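Atoms within a ligand are numbered from 1 in the order they appear, just like the ligands themselves. Residues: numbered from 1 along the sequence shown. Note that the coordinates shown come from a computational prediction; the quantities given were computed from them, not determined experimentally.
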Amino acid sequence: MAVNEETRPNAAQWKNWNEVSGPKWVRAAAVMEQRLAPVNDLLLAHAAPRPGERVLEIGCGTGATTLLLAEAVGAAGSVLGVDISAPMLALAEARLADAKAAQARLLAADAQIHPFPAAAFDLALSRFGVMFFAEPIAAFQNIAAALKPGGRLCFAAWAGIEANPHWQAPYAIALRALGPPKPRPARSPGPLAFSDPEYVREILAASGFAAITITAAPVALAGREAAEEAALAMLFGPSGALVEEKRPDDRLRATLLGEMTAAFARFPTIPGGAPRGDIALAATVQLVTARRR
Ligand SMILES: C[S@@+](CC[C@H](N)C(=O)[O-])C[C@H]1O[C@@H](n2cnc3c(N)ncnc32)[C@H](O)[C@@H]1O
């Protein structure tokens with residue numbers, strides 16, 4: 001039966017990740033991967049995937065974390081990466097094929113509702129892929145059901161904008177020039193939806209998880225030079241979303257880009273500079289761990 005694109009759960013996020021944000025991520029994949037690598041280190045250190053384990057990765061995107069998970073579980077284990085974005089999955093597929101990571105498989109599906117095999121996985125993990133559910137409790141109940149009893153959950157979500165100056169600085173500039181975004185209910189699906197730890201705790205406790213830990217973890221992201229960071233801020237994060245919503249003309253875009261470049265030029269530089277990166281982005285994520293009851 002054909003899926004009704006308007007009424008399926010998370011329809012707005014399907015559209016966004018297939019038509020707007022997904023294609024942007026694919027175009028910027030190399031930069032994103034370099035930037036977000038420290039978040040993978042953090043996740044793998046806390047989730048500690050072991051050889052032979054079965055891992056479910058939620059919102060695997062372009063597959064950078066999937067590859068590391070595949071390496072960690074080895075040929076005797078397996079990784080299932082699930083995502084709703086066809087363009088991001090296409091890049092992930094190519095990367096897995098290049099790496100000959102046969103123990104990793106990808107699935108185009110909505111993690112909120114997909115009927116995963118019951119009690120099949122040792123670990124469910126996500127790097128920034130769990131903040132987009134219209135019904136987070138239903139989604140985490142579905143993920144819990146896929147885990148073995150006692151199975152581990154480990155994910156990273158962004159902390160608040162005030163703890164992420166690389167988002168706050170360009171957003172303040174965009175807000176001043178473009179005005180506020182259209183009102184949305186608090187904690188609507190989006191990158192900042194899980195920035196309140198108590199809200200996350202409530203969702204997980206209501207979804208069948210115990211031993212919940214939520215830690216605000218500093219991560220040193222390696223940024224590119226100021227003009228490139230400004231170009232990224234026009235596309236991604238809260239500033240990118242506001243630009244997407246308001247659609248400023250070319251002149252205003254150029255002004256925003258100039259002001260954002262000046263703002264990033266005031267960020268500290270990384271000793272030694274490129275190729276690791278040029279400017280230091282001191283970011284904060286919520287690192288969440290739990291176990292299926
Ligand atoms: C911010 S991106 C992160 C991608 C990847 N984990 C990474 O860190 O590079 C969020 C990802 O979650 C996916 N996503 C959003 N809602 C989803 C859902 N309901 N089920 C599965 N994936 C979803 C998006 O398509 C996107 O690939």
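Side-chain contact, Q141 with S207: no donor N or O sits under 3.5 Å from an acceptor N or O. One side chain, N10 or Q112, offers a donor N or O that lies under 3.5 Å from an acceptor on the other. Donor-acceptor pairing under 3.5 Å is recorded for the side chains of S21 and N16.
The shortest contact between atom 2 (S) of ligand 1 and any protein heavy atom is with W17 CH2, 3.5 Å. Residue, atom and distance of the protein heavy atom nearest to atom 20 (N) of ligand 1 are A111 N, 3.0 Å. In terms of protein heavy-atom proximity, atom 16 (N) of ligand 1 is closest to I84 CD1, 3.5 Å. Protein heavy atom in closest approach to atom 8 (O) of ligand 1: R127 NE, 2.6 Å. The single protein non-hydrogen atom nearest to atom 5 (C) of ligand 1 is G59 O, 3.4 Å, given as residue, atom name and distance. Of all protein heavy atoms, the one lying nearest to atom 25 (O) of ligand 1 is D83 OD1, 2.5 Å. The nearest heavy-atom contact from the protein to atom 10 (C) of ligand 1 is F128 O, 3.3 Å.
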task = Run the numbers on L96 and L106 for side-chain contact (heavy atoms from CB on, under 4.5 Å), then give the verdict.
result = CA-CA 9 Å; L96 292 180; L106 300 172; 3.6 Å; yes
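One distance of note links CD1 of I58 with CZ of F133; it measures 6.0 Å at 0.5 Å rounding.
Under a cut-off of 6.0 angstrom, the local environment of CZ in R105 is sparse, with at most 12 non-hydrogen atoms contributed by other residues, nucleotides or ligands. Atom CD of E135 sits in a sparse spot, with 12 or fewer heavy atoms from other residues, nucleotides or ligands closer than 6.0 Å.
Counting the atoms of ligand 1 from 1 in the order shown, those under 4.0 Å from a heavy atom of F133 are 18 (C), 19 (N). Taking a cut-off of under 4.0 Å to the non-hydrogen atoms of G129, the atoms of ligand 1 that pass are 12 (O). Within ligand 1, the atoms closer than 4.0 Å to a non-hydrogen atom of A109 are 20 (N), 21 (C), numbered from 1 in the order shown. Of all atoms in ligand 1, numbered sequentially from 1 with element shown, those under 4.0 Å from a heavy atom of S85 are 25 (O). Against a heavy-atom cut-off of under 4.0 Å, G61 is close to the following atoms of ligand 1: 4 (C), 27 (O).
By the 3.5 Å distance cut-off applied to N or O atoms, M88 is not counted among the residues near ligand 1. Considering both main-chain and side-chain atoms, D110 comes within under 3.5 Å of ligand 1 through a nitrogen or oxygen pair. Ligand 1 has no N or O atom lying under 3.5 Å from any N or O atom of F132, backbone or side chain.
Under a 4.0 Å heavy-atom criterion, W14 is not in contact with ligand 1. Under a 4.0 Å heavy-atom criterion, C60 is in contact with ligand 1. Within the 4.0 Å heavy-atom cutoff, P9 does not count among the residues contacting ligand 1.
A salt bridge links R35 and E229; the closest N-O separation between the charged side-chain nitrogens and carboxylate oxygens is under 4.0 Å. In summary, E33 and R127 engage in a salt bridge, as defined by a charged side-chain N under 4.0 Å from a carboxylate O. Between R152 and D122 there is no salt bridge, since none of the side-chain N atoms of the basic residue sits less than 4.0 Å from a carboxylate O of the acidic one. Checked for salt-bridge contact, D196 and R187 meet the test: a charged N lies under 4.0 Å from a carboxylate O.
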